*Asks:* 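One structure, pasted below without further comment.
Note that the structure is predicted; figures quoted are calculated from it, not measured. What you see below is based on every heavy atom in this structure, not just the backbone, and it leaves out hydrogens, waters and symmetry mates. Residue numbers start from 1 in every chain, and the chains themselves are labelled A, B, ... in the order their sequence lines are given, proteins ahead of strands.
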2 protein chains.
Amino acid sequence: MKLTKRGEYGLKALIDLAAQADPQAATQIKDIAQRQQIPVKFLEQILLTLKNAGVLRSRAGVGGGYYLAKEPREITLGQVVRVLDGPLAPIPCVSQMAYERCVCADEATCGLRLTMLDVRNAIADILDQTTLADVSTRVENAQHAEQRPARRSSKAKTTTRTTR
Amino acid sequence: MKLTKRGEYGLKALIDLAAQADPQAATQIKDIAQRQQIPVKFLEQILLTLKNAGVLRSRAGVGGGYYLAKEPREITLGQVVRVLDGPLAPIPCVSQMAYERCVCADEATCGLRLTMLDVRNAIADILDQTTLADVSTRVENAQHAEQRPARRSSKAKTTTRTTR
DNA sequence: ATAAATTCTAGTTTATTAGTATACTTTTGA
DNA sequence: TCAAAAGTATACTAATAAACTAGAATTTAT
């Protein structure tokens, strides 16, 4: 149930871009790479993929760089993970984007499939509902919470997600 | 976010065993392999791993085979997946069983981490609460529902999971 | 024009996955 | 007892995917 480095780096880069003063201003690859500790050449590939998928836009030449193709609240983590890492589903027979029939006799009564469908839905529910804007908001809240650690139960459920 | 073949085959084998008349009676590898369409030699390895993890027991010799070490309701899918495929967490910095510090400046305010923690918890909530017995029950319910497809909305949410 | 930037294609290396092969040990029914 | 049935234990291999790396081509502000 693992996210690859491509997915991890891509998400970090987008979250980084969304956190910039103007998310639509061009930012250079090397700056993102430095801030997020990502190998520059690898990040290049990843951002290019995201550009081809319509998540990013770029401007070449001097003063160029990458910027978000849409508003942060219009980009979900689910889209991004699918582009970089493929389907969210643990097994292909419960995938929406890359369904493949499994060898079991009857999908409707396959125990593994029934459970893994729940898992895939739980993952998709989170990632498809969480936008870059949501992440930015959570980060800001967490930063404020850190500055004044007044009273805070050790298991403070910080589920600050804007309902959309 | 993928389950490997090891995990898939292991779960299928255990679900198969739990579905047998007496889940504590010995079943031969080759029978499981045939029913579930799993390469025998590969399944051998997987079942051995599950035995060493205390999920299965075995008896050698004539009339031998594998059987569950515990009651089906005592074996969760979460345990099994962790044994065969490793941590449930999408990234190591939100893993309970294999935590590793990530490179970000501050984990408490890392946007990716906050979201992936939600994902890891959603996955764990399902897999750690679902037992082999639960799966058997769901399969039976699904089989009955199939025989009399009386009225059934096309999106019938079949969340028949025993609360424990 | 040119330097700074992205674009694009391809290659490399390492790790993991998914299996095979082989020899050995234990158990037990005849 | 002993041969067959079963699991045990390792080692090996092919294929694929992950994680980079290299370098030439292209774009563009100045």
Side-chain angles (χ1 to χ4, degrees), chain A residues 1-13 17 25-34 36-69 81 83-87 90-92 98 102-103, chain B residues 1-13 17 25-34 36-69 81 83-87 90-92 98 102-103:
Chain A
M1 324 299 270
K2 217 161 142 34
L3 196 69
T4 67
K5 289 289 176 189
R6 293 189 93 230
E8 181 184 329
Y9 292 162
L11 287 172
K12 282 192 173 178
L17 280 175
T27 304
Q28 288 179 32
I29 292 179
K30 66 161 186 259
D31 291 335
I32 303 174
Q34 194 169 0
Q36 303 299 327
Q37 310 243 54
I38 303 171
V40 181
K41 280 304 209 174
F42 194 20
L43 184 57
E44 221 171 74
Q45 268 186 15
I46 295 168
L47 297 190
L48 188 56
T49 305
L50 288 173
K51 182 195 165 168
N52 292 334
V55 176
L56 287 177
R57 274 203 252 271
S58 68
R59 197 169 46 242
V62 178
Y66 278 95
Y67 54 98
L68 300 181
V81 172
V83 166
L84 296 176
D85 276 7
I91 48 179
C102 128
V103 297
Chain B
M1 323 300 271
K2 217 159 142 34
L3 196 69
T4 67
K5 288 289 176 189
R6 294 190 92 227
E8 181 183 330
Y9 291 162
L11 286 172
K12 281 192 174 179
L17 281 174
T27 305
Q28 288 178 33
I29 293 178
K30 67 161 186 259
D31 291 336
I32 303 174
Q34 194 169 0
Q36 303 298 328
Q37 311 241 57
I38 303 171
V40 180
K41 281 302 205 176
F42 195 21
L43 184 57
E44 235 171 60
Q45 269 186 16
I46 295 167
L47 297 190
L48 189 54
T49 304
L50 288 173
K51 181 193 165 169
N52 292 333
V55 176
L56 287 176
R57 275 202 253 270
S58 68
R59 196 167 48 241
V62 178
Y66 278 96
Y67 54 98
L68 300 181
V81 172
V83 167
L84 296 175
D85 277 8
I91 47 178
C102 127
V103 297

*Asks:* Over how many whole Å does the gap from A:K5 atom NZ to C:dA15 atom P extend?
*Replies:*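 Computing the A:K5:NZ to C:dA15:P distance gives 14 Å.
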
*Asks:* What is the distance, to the nearest angstrom, from the CZ atom on B:F42 to the P atom on C:dT22?
*Replies:*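 After rounding, the reported distance stands at 19 Å.
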
*Asks:* Could you check how far CG of A:L43 sits from P of C:dA5, rounded to whole Å?
*Replies:*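 After rounding, the gap between these two atoms is 15 Å.
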
*Asks:* Is there a donor N/O on one and an acceptor N/O on the other, under 3.5 Å, for the side chain of A:Q45 and the base of C:dC8?
*Replies:*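 Side chain to base: no pair below 3.5 Å.
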
*Asks:* Which nucleotide, C:dT20, D:dC20, C:dT6, lies nearest any side-chain atom of A:P39?
*Replies:*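 That would be D:dC20.
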
*Asks:* Between D:dT8 and B:K51, is there an OP1 or OP2 to side-chain N/O distance shorter than 4.0 Å?
*Replies:*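 Yes, B:K51 has a side-chain N/O under 4.0 Å of OP1/OP2 on D:dT8.
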
*Asks:* C:dA5, OP1 or OP2 - any side-chain N/O from A:K30 closer than 4.0 Å?
*Replies:*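 Checking A:K30 against C:dA5: at least one side-chain N or O falls below 4.0 Å of OP1 or OP2.
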
*Asks:* Just verifying a value: how many Å separate B:Q45 CD and B:Y9 OH, rounded to the nearest 0.5 Å?
*Replies:*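 Between atom CD of B:Q45 and atom OH of B:Y9 there are 12.5 Å.
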
*Asks:* Without decimals, in angstroms, what is the distance between B:E44 CD and C:dA18 C1'?
*Replies:*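 Interatomic distance, CD of B:E44 to C1' of C:dA18: 15 Å.
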
*Asks:* Donor-acceptor pair, distance only, cut-off 3.5 Å: does the side chain of A:R6 make one with the backbone of A:L84?
*Replies:*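 Checking the backbone N and O of A:L84 against the side chain of A:R6, a donor-acceptor pair under 3.5 Å is found.
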
*Asks:* What nucleotide, of D:dC20, D:dA9, D:dT28, holds the atom closest to the side chain of A:V62?
*Replies:*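 The nucleotide sitting nearest to the side chain is D:dT28.
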
*Asks:* Under 4.0 Å between a side-chain N or O of B:Y9 and OP1 or OP2 of C:dA18?
*Replies:*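 The answer is no; no side-chain N or O of B:Y9 sits under 4.0 Å from OP1 or OP2.
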
*Asks:* In this structure, how many angstroms lie between the C1' atom of D:dA17 and the NZ atom of A:K2, rounded?
*Replies:*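 Checked: the NZ to C1' distance equals 14 Å.
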
*Asks:* Is A:T4 near enough to D:dA17 that one of its side-chain N or O atoms lies under 4.0 angstrom from OP1 or OP2?
*Replies:*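 Indeed not, no polar side-chain atom of A:T4 lies that close.
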
*Asks:* Could you state the CD1-P distance from B:I46 to D:dT8, rounded to the nearest angstrom?
*Replies:*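 Nearest whole value for this atom pair: 14 Å.
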
*Asks:* Figure out the OH/C1' separation between B:Y66 and D:dG7, and round it to whole Å.
*Replies:*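 Atom OH in B:Y66 sits about 6 Å away from atom C1' in D:dG7.
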
*Asks:* More 5' along DNA chain C: A:N52 or A:G63, using each one's nearest nucleotide?
*Replies:*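 This one resolves to A:G63.
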
*Asks:* Could you grab the distance from atom OH of A:Y67 to atom CG of A:L56, nearest 0.5 Å is fine?
*Replies:*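 If I round to the nearest 0.5 Å, the distance is 10.0 Å.
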
*Asks:* Working to the nearest 0.5 Å, report the span between NZ of B:K2 and CG of A:D85.
*Replies:*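 Interatomic distance, B:K2 NZ to A:D85 CG, rounded to 0.5 Å: 12.0 Å.
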
*Asks:* Expressed in angstrom and rounded to an integer, what is the separation of A:K41 atom NZ from D:dT21 atom C1'?
*Replies:*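 Answer to the nearest Å: 8 Å.
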
*Asks:* Rounded to the nearest 0.5 Å, what separation is found between the CG atom of B:L50 and the CG atom of B:L43?
*Replies:*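 The distance works out to 9.0 Å.
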
*Asks:* What is the nucleic acid contact for B:L47, judged by heavy atoms within less than 4.0 Å: base, sugar-phosphate only, or nothing?
*Replies:*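 Result for B:L47 = nothing.
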
*Asks:* When you get a sec, tell me which of D:dA29, C:dC8, C:dT6 is the closest nucleotide to the side chain of A:L48?
*Replies:*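 Given the options D:dA29, C:dC8, C:dT6, the side chain of A:L48 is closest to C:dC8.
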
